[in-house]
Number of protein chains: 2
Amino acid sequence: MAIIQSLARGLEILDLLANADNGMGITEFAQHLDIDKSSASRLLHTLASYGYTEQDADTRRYTLGPRILTLSNSVLNRMPLRDHARPVLAKLTHATGECSHMAILSHGKALYIDQVESPSILRVETEIGTMSPLHCTALGKILLAFNRLPIPQTLNSYTPRTITNPAELELHMVQVRKQGYATDDEEHVLGVRCLAAPVYGFRGRVLGAIGISGPSGRMTYEKLPELADYIIELVTDLSHRLGSMQ
Amino acid sequence: MAIIQSLARGLEILDLLANADNGMGITEFAQHLDIDKSSASRLLHTLASYGYTEQDADTRRYTLGPRILTLSNSVLNRMPLRDHARPVLAKLTHATGECSHMAILSHGKALYIDQVESPSILRVETEIGTMSPLHCTALGKILLAFNRLPIPQTLNSYTPRTITNPAELELHMVQVRKQGYATDDEEHVLGVRCLAAPVYGFRGRVLGAIGISGPSGRMTYEKLPELADYIIELVTDLSHRLGSMQ
DNA sequence: AACTATGTTGCGTATTATACAACATTATCG
DNA sequence: CGATAATGTTGTATAATACGCAACATAGTT
């Protein structure tokens, strides 16, 4: 289909600027795009008037402007995480037979944004759109640990196994970061064990967490390491596709 | 100077997309920009072919594309401050419950480069990448006072509380420098109070400002000193890590 | 299955972006 | 420090280009 020339040239200018450490001058742009200085000048002026570039008052050279941050913030705030992650959840549930979830951090809680149900009769149901505490769920612990959030000082108890001592949780978080996955050993709901791993995006940002939940009878201690390895493998692959370098 | 129409329209499309949660369709773009569908279609196609937008294969709706992240990465690489400051913002918001921001000086304005939103329903939203005046915001006052910039002679009034007298603002700046923090007592937006403190770098350079904003109902006069102490403590710690000796 | 809404393609026209040139301003070099 | 080179901005005429109209294609709805 048709390409709008002047818009295309503007976008090429932005691309050039992304790789120019000390900004660029009009003449350079004109050379790179093989256009006249006057055209380059007007294109840059247009970009600048919308905040996409900035002109240094002294050197007259152009750099990328602050508006870029608005856009990227918008992208980062609602990554198409869910779209990309859904096949991973399906795969997870298919391979493990347990319910898989995805959550992101939202207002200091774990917000469940997607789920694939286990085919088993005995299964864990979590409604999408609900929020869970961070300190006693596998997904929540991942979000807490890898976003390096401060440990809440009041930790509600849900079961006898819930960690309610902030200092203890702090140590627990160190361990979670070290091993790369988190567990919930009946700390939120009795009889339910969970496993989760972090999803990384661009610049190593932790976009969310993905994990599985199942009855303790099936999620035995013996199986946990193997399950964890499998989750980490799938989620790491997803992270790479999302632009993570790790 | 002359604005290149089709480039300008492309940039406006990006702006629209930054505020569209579920993407936008061609018809919507055409309506918003008051142009024909065909023109919108071609503009979007051009943006997509450069990776600035993405078209969902199913719904055909457009969203911001991954190229934006490349650009922002380039911008952020030249702002090392942001990486270090983010955890501080997270901590601030967690402790105070209010939205925290960071701003740097840019073209005589306060440029918001990062933000952590308040978990509260009633909260102050400031878009990253936008600029605010220096004389009537807490972050701006910090930048004005500690960079020892000349006081602008024309001070726009935003609320009845905005300081519009240069001489009065001059005295105010002396006070800000003396106490080490700045307040904005409904001087920019009615019902919103802010607190901010300076971030120092190597050789005592003021790199930027960090602060919180909240509704006056929660940010009461009684609480301000305590909040200010807390902000100064966090920001001073950050300054030391950034190489400040003060 | 008929209809409505939405996105894409073809095409003639005229708006608009372009290159050329002159001018203004800032670096660079002797 | 002054002459010269290099760079950025402003008119202007031309022609290329982006535009809107209309027809077509495709998807969603009742």
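We name chains A, B, ... by the order of the sequence lines, and we start the count at 1 in each one.
- Counting to the nearest Å, the P atom of C:dA17 and the NE2 atom of A:His45 are 13 Å from each other.
- Ring pair B:His135/B:Tyr158 is tilted by interplanar angle, where 30° to 60° counts as tilted.
- Between the CG atom of A:Leu44 and the P atom of D:dT9 there is a distance of 8 Å, rounded to whole Å.
- Residues A:Glu28 and B:Thr59 both approach DNA chain D. Their nearest nucleotides, taken by heavy-atom distance, put A:Glu28 toward the 5′ side.
- Considering only side-chain N and O atoms, B:Arg9 lies under 4.0 angstrom from the phosphate OP1 or OP2 of D:dC19.
- B:Arg42 contributes a side-chain N or O that forms a donor-acceptor pair with the base of D:dG20 under 3.5 Å.
- The distance between atom CD1 of B:Ile26 and atom C1' of C:dT8, rounded to the nearest whole Å, is 9 Å.
- Here the closest heavy-atom approach between residue A:Tyr52 and residue B:Leu14 is recorded as OH-CB, 3.4 Å.
- The distance between atom CE of A:Met24 and atom C1' of D:dA6, rounded to the nearest whole Å, is 16 Å.
- Rounded to whole angstrom, the span from the CG atom of A:Asp36 across to the C1' atom of D:dT9 amounts to 12 Å.
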* B:Arg123/B:Ser213 under side chain to side chain donor-acceptor pair (under 3.5 Å): CA gap, chis, key distance, verdict -> CA-CA 8 Å; B:Arg123 65 183 181 221; B:Ser213 306; over 6 Å; no

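- For B:Ser38 against D:dG20, a side-chain-to-base donor-acceptor contact under 3.5 Å is present.
- Ion pair B:Asp184/B:Lys141 not flagged as a salt bridge, since none of the NZ, NE, NH1 or NH2 atoms sits closer than 4.0 Å to an Asp/Glu carboxylate oxygen.
- Contact between the side-chain N/O atoms of B:Gln5 and the OP1/OP2 oxygens of D:dT17 is not found at any separation under 4.0 Å.
- Comparing A:Leu7 and A:Thr27 along DNA chain D, the residue whose closest nucleotide (by nearest heavy atom) sits nearer the 5' end is A:Thr27.
- The distance between atom CD of A:Gln55 and atom P of C:dT25, rounded to the nearest whole Å, is 14 Å.
- Rounded to an integer number of Å, the gap from B:Ile4 CD1 to C:dT18 C1' is 9 Å.
- Rounded to an integer number of Å, the gap from A:Gln31 CD to C:dA19 P is 14 Å.
- Between the side chains of A:Glu54 and B:His107, a donor-acceptor pair is found at a separation under 3.5 Å.
- Closest to the side chain of B:Ser6, out of D:dT9, C:dA17, C:dT9, is C:dA17.
- For D:dA18, neither phosphate oxygen OP1 nor OP2 lies less than 4.0 angstrom from any side-chain nitrogen or oxygen of B:Ser39.
- Along DNA chain C, the nucleotide nearest to A:Leu43 and the one nearest to A:Arg60 differ in position, and the one closer to the 5' end is contacted by A:Leu43.
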